[in-house]
**Q** 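First, the structure itself, so that you have it in front of you.
Quick note: numbers below take in every heavy atom, side chains included, and nothing from hydrogens, waters or symmetry partners.
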Amino acid sequence: MDVRDEPTARLRRRLETALESALTDTVSWTVATDGPVVARLPDREIAFERADGPDGYRWTVVLRADGSVVSKFGQFETIDSAVEKVESLVRADVRYTVCCDG
């Protein structure tokens, strides 16, 4: 495993543990790491964007529904704090407003 991949692997393990605990067997879910880490539930996706900086990395949690971004949260300094946000998002109602110009 490349050193740059380690935070992603830790995020995946921590996320899977949190989802197993929060959702038990009530909702199906998957976690993909073929690009950014993404948790997929039947009605939403929760993606993690990682920003590398001179003082480490930060995580942004992106909530999507029907392929559209609903909300972004972050930047979190630790994997645990990003996953804690996900624990609240998996059971929250997903609401967004579609707006147009003019």
**Q** Where is the tightest heavy-atom contact between Val31 and Glu16, given as atom of each residue plus distance?
**A**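 Closest approach of Val31 to Glu16, heavy atoms only: CG2-CG, 3.8 Å.
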
**Q** Which pair of non-hydrogen atoms, one from Ile79 and one from Pro7, has the smallest distance, and what is that distance?
**A**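 Heavy-atom minimum between the residues: CD1-O, 3.4 Å.
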
**Q** Provide the closest heavy-atom pair for Ala18 versus Glu87 in the form atom of the first, atom of the second, distance.
**A**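 Result for this residue pair: CB-OE2, 3.4 Å.
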
**Q** Distance-only criterion, 3.5 Å: show the donor-acceptor pairs between side-chain atoms of residues 37-44 and protein atoms not counting sequence neighbours.
**A**
from: Arg40; atom 1: NE; to: Glu45; atom 2: OE2; distance (Å): 3.0
from: Arg44; atom 1: NH1; to: Leu89; atom 2: O; distance (Å): 2.6
from: Arg44; atom 1: NH1; to: Ala92; atom 2: O; distance (Å): 2.7
from: Arg44; atom 1: NH2; to: Ala92; atom 2: O; distance (Å): 3.0

**Q** A side-chain contact here means heavy atoms from C-beta on lying under 4.5 Å apart; do Glu77 and Arg58 qualify?
**A**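 Contact flag for Glu77/Arg58 side chains = yes.
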
**Q** Tell me the side-chain hydrogen bond (donor to acceptor under 3.5 Å, both in side chains) pairs involving residues 26-35, sequence neighbours left out?
**A**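 Listed once each, the pairs are Arg12-Thr33.
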
**Q** Out of curiosity, Arg10 CZ to Leu15 CG, how far, rounded to the nearest 0.5 Å?
**A**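 So the CZ of Arg10 and the CG of Leu15 are separated by 13.5 Å.
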
**Q** Just so I know, are the side chains of Phe48 and Thr60 near enough to count as touching, which here means a heavy-atom distance under 4.5 Å?
**A**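 SC-SC contact between Phe48 and Thr60 ruled out.
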
**Q** Once you round to the nearest 0.5 Å, how far does CG of Asp80 lie from CG of Leu11?
**A**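 Reported to 0.5 Å precision, the distance equals 10.0 Å.
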
**Q** Is it true that a side-chain atom of Ser21 and a backbone atom of Thr17 form a donor plus acceptor pair closer than 3.5 Å?
**A**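 Not at all, since once roles are kept as given, no pair shorter than 3.5 Å links the two residues.
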
**Q** Restricting to pairs with a member in residues 58-89, which pass ring-ring contact (aromatic ring centres under 6.0 Å, His included), not counting sequence neighbours?
**A**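 Sorted pair list: Tyr57-Trp59.
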
